[in-house]
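Shown next, in structure tokens, is the structure this report addresses.
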2 protein chains.
Amino acid sequence: MDDTSRSNRPVTTTESSIRILEQLKQNPGGTLDELTDELDLARSTIHRHLLTLEDNDLLVREDGGFYLGLRFLDFGISARNRVPFFDVGRRQVDRLAEETGEKVWLVAKEGDFSVHLYKASGDSPLRTSARVGQRRYLHQLAAGKAILAYLDEEEFRAIIDRQGLLRMTDHTITDADALREELEAIRDRGYAFNTGESIEGLNAVGAPIRNDEGTPIGGISISGPANRVKGDYLKDELPDKLLAAIDEIHINLRYSST
Amino acid sequence: MDDTSRSNRPVTTTESSIRILEQLKQNPGGTLDELTDELDLARSTIHRHLLTLEDNDLLVREDGGFYLGLRFLDFGISARNRVPFFDVGRRQVDRLAEETGEKVWLVAKEGDFSVHLYKASGDSPLRTSARVGQRRYLHQLAAGKAILAYLDEEEFRAIIDRQGLLRMTDHTITDADALREELEAIRDRGYAFNTGESIEGLNAVGAPIRNDEGTPIGGISISGPANRVKGDYLKDELPDKLLAAIDEIHINLRYSST
DNA sequence: GCGACGCGTTCGAAAGATTCGAACGCGACC
DNA sequence: GGTCGCGTTCGAATCTTTCGAACGCGTCGC
């Protein structure tokens, strides 16, 4: 561990609280004893943290278990609303979903990850595991690869170094050089494809949302089952519609920039 | 301060972190110096907290300011998804919005408050200040009053004692006895009205969602401008539709209960 | 009706992390 | 070239967290 030796160590108390919250997110309704088993902190310590977090409405106690408080929803929605392209992006996502009938996602880049901001489902009954708020690696998403393609080399390399290229399916690109090639193709086209790279049998097109300086800050993807979303529909029709939506967003961003 | 003397004091370090986050929610993009002014903590202390929170993706640094991280969205959506009636409730809210064309809210009771979980807008262009995630006092909402009406006397009294009856408009009920009478009427009817009690010119009907034991755990409200939403439409038509939706939810809750 | 179990709660002492204030670095602006 | 704004670093003092053990209370089983 290199963090341990750093002179400006993090605030470990806060980190303990965070770890408790993370654990409760993963295991909703956990009890004090369960948390003690899982967390390598003294029972009484965890208890004090729980009391504090409860006092601050960050967690609630129900039916003999602890749960994340809905106050997180306030913080979360608040964070989302401040994403500069959220409002415009959402409108375009709704429009795309209606137009295509497919599942359309709006995502934001934050740190090394893509965060799912908003989804519109069209009328596809497709039930994926994706949920608003989730973070995903950039390399395993259509919109994510589109974002990677427009990052400067330095940041791209840093992200790959830190996060690696985790394999999700047989089609996931896990080789840095192969990814570099792919990103070049994406830059040529202006958009990215995802053919079963995150979920087997799920195809998608993605394009980046970029700020005034051209830095990618988010993206949109249109996805559907591989047996229907393929061929010209996937290669031409969807990208056309997608790019039109992205253009709209970019225009709006230019005008509304402070 | 009576908290200070309590033997089991809260974890003050965590509370400092929370206060920093609250401050950043209120004042997005704040700088270290701004936070120092506002928070009565040493600059270097706040700095260490910021680093820690940043390390944990709870906040991000952008354009020379600190912002809440999108990780909160993950926590928040996660918390919302665990509300037992959320899925069913959302479907019914969508249906009601489509049926009536009005603005429909799904709320949950958490602690002393109502939390806005989900909204469907129908086609009303009405732009209220309400947002998903926000907390409101129970006494100033239609759904909130409906919830209060079915709480046991003990909890009702405790909430009023702790929170009081804050006035929002001239029509807000701020007298405990008047509220008691109103709640009795609500119990007779099975639903509650809100006639400009939270926002001048905004009327609403609300009904409670109750668990197996009859304890209210949430609610639904249908609201619209007073000049249109009034008379028989408000008094009969909307309540009928609302109660039908609530019934649906209750039936679903019975079946899906563990 | 008695004992054991699960769960949350409380306590005091020991140790360890947080807090503080001051000083440093860096860039931008004038 | 000086100053302002902002983030960063440091070491010492102290205040708080942490720990483990014990307590209270309800519930289940016998």
Side-chain angles (χ1 to χ4, degrees), chain A residues 1-24 27-69 111 213 258, chain B residues 1-21 23-24 27-69 111 154 213 258:
Chain A
M1 293 199 173
D2 33 11
D3 310 80
T4 322
S5 59
R6 284 172 59 179
S7 58
N8 53 342
R9 279 211 274 306
V11 183
T12 56
T13 306
T14 294
E15 294 210 310
S16 295
S17 282
I18 295 174
R19 275 164 59 205
I20 290 173
L21 292 169
E22 281 170 348
Q23 193 57 43
L24 283 176
N27 177 24
T31 68
L32 178 54
D33 285 327
E34 281 170 28
L35 288 167
T36 307
D37 287 347
E38 295 153 348
L39 279 182
D40 190 37
L41 287 169
R43 229 165 77 95
S44 55
T45 302
I46 295 179
H47 182 249
R48 262 162 67 80
H49 279 266
L50 290 176
L51 284 184
T52 305
L53 294 169
E54 188 185 20
D55 271 0
N56 287 275
D57 296 309
L58 292 183
L59 59 82
V60 293
R61 181 186 311 231
E62 248 167 54
D63 312 319
F66 293 92
Y67 296 88
L68 292 184
E213 289 112 39
T258 39
Chain B
M1 290 201 175
D2 34 12
D3 310 81
T4 321
S5 59
R6 285 173 58 179
S7 58
N8 53 341
R9 279 210 274 307
V11 183
T12 57
T13 307
T14 295
E15 294 210 310
S16 296
S17 282
I18 295 174
R19 276 163 60 204
I20 291 173
L21 291 168
Q23 192 58 41
L24 282 176
N27 178 24
T31 67
L32 178 54
D33 285 328
E34 280 171 28
L35 288 166
T36 307
D37 288 346
E38 295 152 347
L39 280 182
D40 192 37
L41 287 169
R43 230 164 78 93
S44 57
T45 301
I46 295 180
H47 182 249
R48 260 162 66 81
H49 279 267
L50 291 175
L51 284 184
T52 304
L53 294 170
E54 187 185 22
D55 271 359
N56 287 275
D57 296 309
L58 293 183
L59 60 81
V60 293
R61 183 186 311 230
E62 248 167 54
D63 312 319
F66 294 92
Y67 296 88
L68 292 184
E154 188 189 4
E213 290 112 40
T258 40

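Chain letters run A, B, ... following the sequence lines, proteins first and then strands; every chain starts at 1.
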Handout entry: Donor-acceptor contact below 3.5 Å, side chain A:T52 vs main chain B:V11
Key = yes
Practice task
Take the protein atom CG of B:D63 and the nucleotide atom P of C:dG27, then report the distance between them rounded to whole Å.
Solution key: 18 Å
Problem - Any A:R48 side-chain nitrogen or oxygen under 4.0 Å from OP1 or OP2 of D:dT17 - result: yes
Handout entry: Length of the line joining A:L35:CG and C:dG8:P, which is rounded to integer Å
Key = 9 Å
Problem - Below 4.0 Å: OP1/OP2 of C:dT18 and any side-chain N or O of B:H49 - result: no
Handout entry: Nearest-Å distance for atom pair CG/P, residues B:D40 and C:dT19
Key = 12 Å
Exercise for the section: For the pair A:R19 (side chain) and A:L39 (backbone), establish whether a donor and an acceptor sit closer than 3.5 Å, ignoring hydrogens and angles. Expected result: yes
Practice task
Report the nucleotide, chosen from C:dG8, D:dA21, C:dA23, that has the shortest atom-to-atom distance to any side-chain atom of A:F66.
Solution key: C:dG8
Exercise for the section: Return no unless some side-chain N or O of B:H47 is found under 4.0 Å from OP1 or OP2 of D:dT8. Expected result: yes
Practice task
Could you go through the side-chain contact (heavy atoms from CB on, under 4.5 Å) check for B:T31 and B:L35 one step at a time?
Solution key: CA-CA 6 Å; B:T31 67; B:L35 288 166; over 6 Å; no
Problem - Distance test, side-chain N/O of B:T14 to OP1/OP2 of D:dT16, below 4.0 Å - result: no
Problem - A:T12 vs C:dA17: side-chain N/O to OP1/OP2 distance below 4.0 Å - result: no
Practice task
Classify the side chain of A:R43 and the base of C:dG8 as holding, or not holding, a donor-acceptor pair under 3.5 Å.
Solution key: yes
Exercise for the section: Using whole Å, report how far CG of A:D33 lies from C1' of C:dT9. Expected result: 12 Å
Handout entry: A:H49 and B:T14, any side-chain heavy atoms less than 4.5 Å apart
Key = yes
Exercise for the section: Starting from C1' on C:dT10, measure out to CD1 on A:I46 and report it in whole angstrom. Expected result: 16 Å
Practice task
Round to a whole Å and report the spacing from CZ of B:R61 to C1' of D:dT8.
Solution key: 10 Å
Fill in the blank from the handout: Taking C:dA17, D:dG7, C:dG21 as options, the one with an atom nearest any side-chain atom of A:T13 is C:dA17
Problem - Closest listed nucleotide, where the reference is the side chain of A:S44 and the choices are D:dA21, C:dT9, C:dG6 - result: D:dA21
Handout entry: Closest to the B:T31 side chain, choosing from C:dC20, D:dG7, C:dT19
Key = D:dG7
Exercise for the section: Could you tell me whether the side chain of A:R43 and the main chain of A:L32 form a donor-acceptor pair under 3.5 Å? Expected result: no
Fill in the blank from the handout: Comparing B:T45 with A:L32, nearest DNA chain C nucleotide closer to 5' gives the residue A:L32
